[in-house]
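Reading through the structure tokens given below for one structure.
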Amino acid sequence: MPLRVHDTRRRKKVDFTTIEPGKVRMYVCGITPYSPSHLGHARCYVSFDIVHRWLEAKGYDVTYVQNFTDVDDKIINKANEEGIEFSQVAERNIEDYYSVMDAMNVLRADHYPRVSETIDGIIAMIETLLEKEHAYVGDDGVYFHIESAPEKYGMLTGQNIEAVRAGAGGRVGGTGSGKRDHKDFALWKFAKPDEPQWESPWGAGRPGWHIECSAMSLQYFGEQFDIHGGGEDLRFPHHEAEIFQSECCTGTSPLVHHWMHNGFVNVDGEKMSKSLGNFWTISQAMEQFEPLTLRHALLNAHYRNPIDFSEQFLEDGKRSQGRLEDTYREALLASDGGAAKNLTTLPRPNLGEEGLSHSMGMLEKLAEECAMAMDDDFNTREALAKINAALRQISNTLGNGLGEDDKRAFATYAVEWMEEFAGQALGLLPSRDDALAEPAEDPRRAELAPKVGELLVQRAAAREAKDWPAADAIRDELAALGVTVMDTAEGPVWELD
RNA sequence: GCGUCGGUAGCAAAGCUUGGUUACGCGAUGGACUGCAAAUCCAUUUUACGGGGGUUCAAAUCCCUCCCGGCGCUCCA
């Protein structure tokens, strides 16, 4: 099955091709670690984690590079405020990034280069650009001159340079006073006091914002690579700047074969931003919701479309994720009980039984459809619809009074099915150990347990005596504590709302 | 203004490239189960495709046109 990928430059889905057969070179713009990671980051890196995982599932050898922009105004300002080194601010937020991404089952990239470690490559690239007269040295820095390659303007945004020329004027801001033209952008900024700085042929300073990605991709991949990803907002100017820098430096075009951009996270219909005060860090969201719930919710929309982040959005994710984990646990237990960790593929169930044969057939069909959905520009929403159908199928079949051997074999097949799609491809399954483990004790729950236990004993007595009003009164009392009681065949179970 | 992405049932969100069959989920309603509930399961929720034209045997899907939103054009995933 061919993989189709939406390419921002060509503005349509195209067949995915690689420069080198079987190998994928993928670069995704990483964070500027000046503050803890927010939901926008979660969306971005979960989206590209899906790309990463699916390409590997399809047998590609993927090299995934993601940078950290650890030299930047905001980091420097933060460091100066706190009176610490810029690198300490960066380090702290990079740690936060790793920890929340790990929690959300985001697989690590192969390389995480940092600006502060790529200075030589950056300087070399700027030198070449100066030699080729695509850049010039101004009063306060070195700039890339857009008019030296006007044909590259608007590659990702469709903007027309003539229109921008016409609309120009009075836009040369304070940060770029040495610019010859307002469209030009900084490659190197000369040092100001209290700033980290490195020596260069043009004077001490630090890199401009865009150049590091060009230098890093050149360093790891050479002149061209297969996928470049990032948030929607990076299309312009950042990604277009990369095209200018890299292609003008190497003379090779196109720099990137497939440009991929993920959509935004909005909150209540508005763009999430610090200034609007509707800002959520990932850690904050995780105080209320499990990391995999967050991941599930994010995958419940197509990666290119905007998400409107709301309570409902997460509650839906929680419910779906809960059903997924419940079914997974059920299948694990049915497959081999406690030895489930060491599952091996058992013979297929006896297909002589009609219902079972039908069920297996359904799962095989759903597996195909799921793969097709992922092949269609990573349509996780569609894939989850197929997974839902599979969960229902699995759950029904397991509950349908199969013979013991058939049940175990079917459960094993079901476990493998779920691990292939929900697990490896979408990253939504916990480990087998975690899936089988008792849920971690909620401190609130531990606190309430003695009281609840006592009330449940009283209620059991009332029920035994068929004193329903008394039993219901106790249930109401529990409800007031936020406790929901569920009577099961094994006795009452309770949970906190 | 220029650019770009979108407008799909009560809510939410796939499908549009390659026209012809159901999305999936939430909610609601009914049923099974229960002392009653909860949880779970089953079923129903069908002139769903922004308006208007056009092409076609057939349009959510292709073409034209209009209306309405989001976002980008300054730092942002």
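Labels below follow one simple rule: chain letters A, B, ... track the order of the sequence lines, proteins then strands, and each chain is numbered from 1. Fair warning: this is a prediction, and the values are worked out from it, not measured in the lab.
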statement: When rounded to whole Å, the CD to C1' distance for the pair Q159(A) and rC71(B) reads 12 Å

query: Can you check the E325(A) CD to rA39(B) C1' distance for me, whole Å?
result: 17 Å

Aromatic centroids of F279(A) and H38(A) separated by under 6.0 Å: yes

message: Can you list everything that forms a side chain to side chain contact (heavy atoms under 4.5 Å, CB included) with Y220(A)? Sequence neighbours excluded, please.
response: V65(A), H111(A), P113(A)

field: Atom-to-atom span, CG of D73(A) to C1' of rU74(B) - whole angstrom
entry: 13 Å

- prompt: Between N388(A) and rA23(B), is there a side-chain N or O to OP1/OP2 distance below 4.0 Å?
  reply: no

Could you list the donor-acceptor pairs under 3.5 angstrom formed by side chains in residues 467-484 of chain A, with sequence neighbours left out?
{"unit_1": "D467(A)", "atom_1": "OD1", "unit_2": "A470(A)", "atom_2": "N", "d": "3.4"}

- request: For rG10(B), give its Watson-Crick or G-U wobble partner with both distances under 3.5 Å, or none.
  value: rC26(B)

- request: Go through rG35(B), rA77(B), rG15(B) for me and flag the one nearest to the D472(A) side chain.
  value: rG35(B)

Pair D15(A) + R4(A): basic N to acidic O under 4.0 Å: yes

query: Looking at the side chain of N396(A), which of rA77(B), rC42(B), rG35(B) is the nearest nucleotide?
result: rC42(B)

field: Gap between atoms CZ and C1', on F264(A) and rG69(B) respectively (whole Å)
entry: 16 Å

- prompt: Quick one: does NZ or CZ of R445(A) land under 6.0 Å from the six-membered ring centre of W494(A), within 45 degrees of the ring axis?
  reply: yes

- prompt: For D70(A), what residues pass the salt bridge (Lys or Arg N to Asp or Glu O under 4.0 Å) criterion, not counting sequence neighbours?
  reply: none

- prompt: Which of the following nucleotides, rA14(B), rC73(B), rC41(B), is nearest to the side chain of F236(A)?
  reply: rC73(B)

message: Suppose we define a pair by two distances each less than 3.5 Å, Watson-Crick or G-U wobble; what does rC71(B) pair with here?
response: rG3(B)

- prompt: Would you say a side-chain N or O of R319(A) is under 4.0 Å from OP1 or OP2 of rC24(B)?
  reply: no

query: rC36(B) base to R475(A) side chain: any donor-acceptor pair below 3.5 Å?
result: yes

message: Looking only at side-chain N and O atoms, does N67(A) offer a donor or acceptor that is under 3.5 Å from a partner on T69(A)?
response: yes

message: Using the salt bridge (Lys or Arg N to Asp or Glu O under 4.0 Å) criterion, which residues pair with E81(A)? Sequence neighbours excluded.
response: none

task: Check the distance between rA23(B)'s P and I387(A)'s CD1 and give it to me in whole angstrom.
output: 20 Å

Nucleotide of rA13(B), rC36(B), rA77(B) approaching R459(A) most closely (side-chain heavy atoms): rC36(B)

message: Here's a test of your reading of the structure: between Y303(A) and W468(A), which maps to the more 5' nucleotide of RNA chain B?
response: Y303(A)

query: Among rC36(B), rG25(B), rG70(B), which nucleotide sits nearest the side chain of N266(A)?
result: rG70(B)

query: Atom CZ of R392(A) to atom C1' of rU40(B): distance rounded to whole Å?
result: 13 Å

Pair T157(A)-Q159(A), side-chain donor/acceptor within less than 3.5 Å: yes

query: Which ones in residues 4-15 of chain A lie close to RNA chain B, meaning a heavy atom under 4.0 Å from one of its atoms?
result: R4(A), R11(A), K13(A)

task: Can you tell me the distance, in whole Å, between the CZ atom of F378(A) and the C1' atom of rG15(B)?
output: 18 Å

field: Euclidean distance, atom CZ of residue R304(A) to atom P of rA14(B) [Å, nearest integer]
entry: 10 Å

task: Give the nucleotide from the list rC41(B), rA77(B), rA39(B) with an atom nearest to the side chain of D233(A).
output: rA77(B)

- request: May I ask you to decide if the ring planes of Y112(A) and Y97(A) are parallel, tilted or perpendicular, using 30° and 60° as cut-offs?
  value: perpendicular

- request: Just compare rG70(B), rC26(B), rA14(B) and give me whichever is closest to any side-chain atom of R381(A).
  value: rA14(B)

- request: Check whether any side-chain nitrogen or oxygen of R235(A) sits under 4.0 Å from OP1 or OP2 of rU4(B), and answer yes or no.
  value: no

field: Donor/acceptor link under 3.5 angstrom from N300(A) side chain onto base of rG25(B)
entry: no

message: Please check: side-chain N/O of R53(A) versus main-chain N/O of A425(A), any donor-acceptor pairing under 3.5 Å?
response: no

RNA chain B contacts among residues 487-496 of chain A, heavy-atom distance under 4.0 Å: D487(A)

- line: By the Watson-Crick or G-U definition, both distances under 3.5 Å, rA38(B) is matched with none

